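Residue numbers start from 1 in every chain, and the chains themselves are labelled A, B, ... in the order their sequence lines are given, proteins ahead of strands. Model, not experiment: these values are computed from the prediction.
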There are 2 protein chains.
Amino acid sequence: MGRPARLSREAIVAAARRILGTEGVGSLSMRRLAKDLDSTPMALYHHVKDKDELLLLLLEEHAAQFPRPDLPPEPRDQLITAAQLLHDILAECPWIVEVLASDDLMAVSALWIVENIIDGAVRCGMTPEQAVYAYRVIWYYTAGELMLRASRGKHYSRPDAGAHREKAFANLDPAQFPRLSALAGRWPTLTARDTHRSGLIAVIDGLLRQTVG
Amino acid sequence: MGRPARLSREAIVAAARRILGTEGVGSLSMRRLAKDLDSTPMALYHHVKDKDELLLLLLEEHAAQFPRPDLPPEPRDQLITAAQLLHDILAECPWIVEVLASDDLMAVSALWIVENIIDGAVRCGMTPEQAVYAYRVIWYYTAGELMLRASRGKHYSRPDAGAHREKAFANLDPAQFPRLSALAGRWPTLTARDTHRSGLIAVIDGLLRQTVG
DNA sequence: ACCTGAACACCGTTCAAGT
DNA sequence: ACCTGAACACCGTTCAAGT
């Protein structure tokens, strides 16, 4: 019957997800993964093309397992809810943004969301061209939020987190930077707030006004 | 008189900028930099704290040298022009976005732009809190656009660029994805368009409507 | 087909020693 | 103070060989 393969795509993806969950993306390397599987780095390359493919497999798995709620029928609500959902799915694997960036299309298991964003936009009165434009603006906002959220998470445990910022604020000339000086004390609190949804609504309504009045 | 230091911050930054300009961020490593300076990697650490500090020095230099045009007096125009300027300054060094992300404040030589964004927002009628919120939404949009632009640049020369996307579109079920199927052929053209400014205006007007009606 | 070992061509950074 | 050499603890990936 031919000896069974020791490794498999599934086993590799499962081990990778375990590392991701317990130690973060920073710890996920082909070598570390091989060690966890009692194998060698090169054995992995028989099952996945390269590290990017492995990361995409992880996203596919994550997105496929994510619940698919019914979307509201009203087109603007559908647009907002779908865009929010796109953010929420990726918020749990923000490391994927860099991989997705190389091609500007979502992973296939998250494509239904893109379809719903475009559909909502068209049903709001946009042309298909305008709907793609709106999707891109929403995607830039979402990707930026995810990237900055991820690197905040990466550095928040450092003892000197925000040291550079505090020093910059302390050296601020109030005559030259009146607005920033006045805000200095409240800046950390204000920037720590989660304003994603509210910002998303502003972005979408701005796009709707610009295109369909 | 004590022998002069062979290396200096300035010489290191200059060599780094040369590598950045001719070969891109991917080629900028402390070891490569040392080689270009006929020195050793560790000699560099006597003049800069670490690689992140070096990258910030490069941004400071770039932003300081950038022209500082007068901004339009009308607050909404000031807001739009300042936000556009923020994008244009960073568009020439998009690799900095990751470094800036760790602290959520701009490099000091670009702070005058942040001041003007906040000022424009306040003069449009926003409270300082709302102005910081607006700045953050604008920054997310800008950072996302820059990041995706950068990785498009990184991969556009590959022979298989867009291969994954094309295959994904080809396998699309028109019944399940009517909007995307209809757009498939035009997707590459539509997503290649530079819509930054138009999107920025939509974002800003959306924010203004949401906060000051 | 699947896996191993060794190698290639790199990283950022620390440590101990030199002048 | 400034610099060097060697080392630490890693990377992703290719190549040639084994079963």
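The listed nucleotides are C:dT4, C:dT13, C:dC11; the one nearest the side chain of A:Ser39 is C:dT4. Closest to the side chain of A:Ala43, from the set C:dG12, D:dC11, C:dC3, is C:dC3. Picking from C:dG12, C:dA7, D:dC15 the nucleotide with the shortest atom distance to the side chain of A:Met42 gives D:dC15. Each of D:dC3, C:dA7, C:dT4 was ranked by its minimum atom distance to the side chain of B:Arg6; first place goes to D:dC3.
Applying the 3.5 Å distance criterion, the base of D:dC2 shares no donor-acceptor pair with the side chain of B:His46.
Ring geometry for A:Tyr141 against B:Tyr140 counts as tilted: the plane angle lies between 30° and 60°, on a 0 to 90° scale. In this pair, A:Tyr135 and B:Trp187 present their aromatic rings tilted. The plane angle is within the 30 to 60° band.
A salt bridge links B:Glu53 with B:Arg9: at least one charged nitrogen is closer than 4.0 Å to a carboxylate oxygen.
There is no side-chain donor-acceptor pair under 3.5 Å between B:Tyr133 and B:Thr211.
When each of B:Glu61, B:Glu60, B:Glu10, B:Glu23 is tested with B:Arg17 by the rule salt bridge (Lys or Arg N to Asp or Glu O under 4.0 Å), just one qualifies, namely B:Glu61.
Here D:dT4 presents its P atom at 11 Å from CG of B:Leu37, a figure rounded to the nearest Å. A straight line from NZ of B:Lys49 to C1' of C:dT14 spans 14 Å, rounded to a whole angstrom. Atom-to-atom, NZ of A:Lys51 to P of D:dC11 comes out at 8 Å; the value is rounded to the nearest Å. If you take CD of B:Glu98 and C1' of C:dG12, they are 15 Å apart, rounded to a whole angstrom. Computed from coordinates, the B:Ile12 CD1 to D:dC3 P distance equals 8 Å when rounded to whole Å. Across the protein-nucleic acid pair, B:Leu7 atom CG and D:dC3 atom P stand 5 Å apart, rounded to whole Å. The OH-P distance, from B:Tyr45 to C:dC11, rounds to 11 Å in whole Å. In this structure, A:Leu44 places its CG atom 14 Å from P of C:dG5, rounding to the nearest Å.
The same atom, P, is picked in D:dA9 and in C:dA9; the two are 24 Å apart, to the nearest Å.
Stretches of at least 3 consecutive Watson-Crick or G-U wobble pairs, with each checked distance under 3.5 Å, appear in DNA chain C as C:4-8 with D:12-16, C:12-16 with D:4-8.
Regarding contacts with the backbone of D:dC3, a side-chain N or O of B:His47 is found under 4.0 angstrom from either OP1 or OP2. Between B:Thr40 and the phosphate of D:dG5, there is no side-chain N or O to OP1/OP2 separation shorter than 4.0 Å.
When side chains are defined from C-beta on, B:Leu28 counts as touching B:Leu55, because their heavy atoms get closer than 4.5 Å. Residues B:Leu7 and B:Ser39 form a side-chain contact, since some pair of their non-hydrogen atoms from C-beta on lies under 4.5 Å apart.
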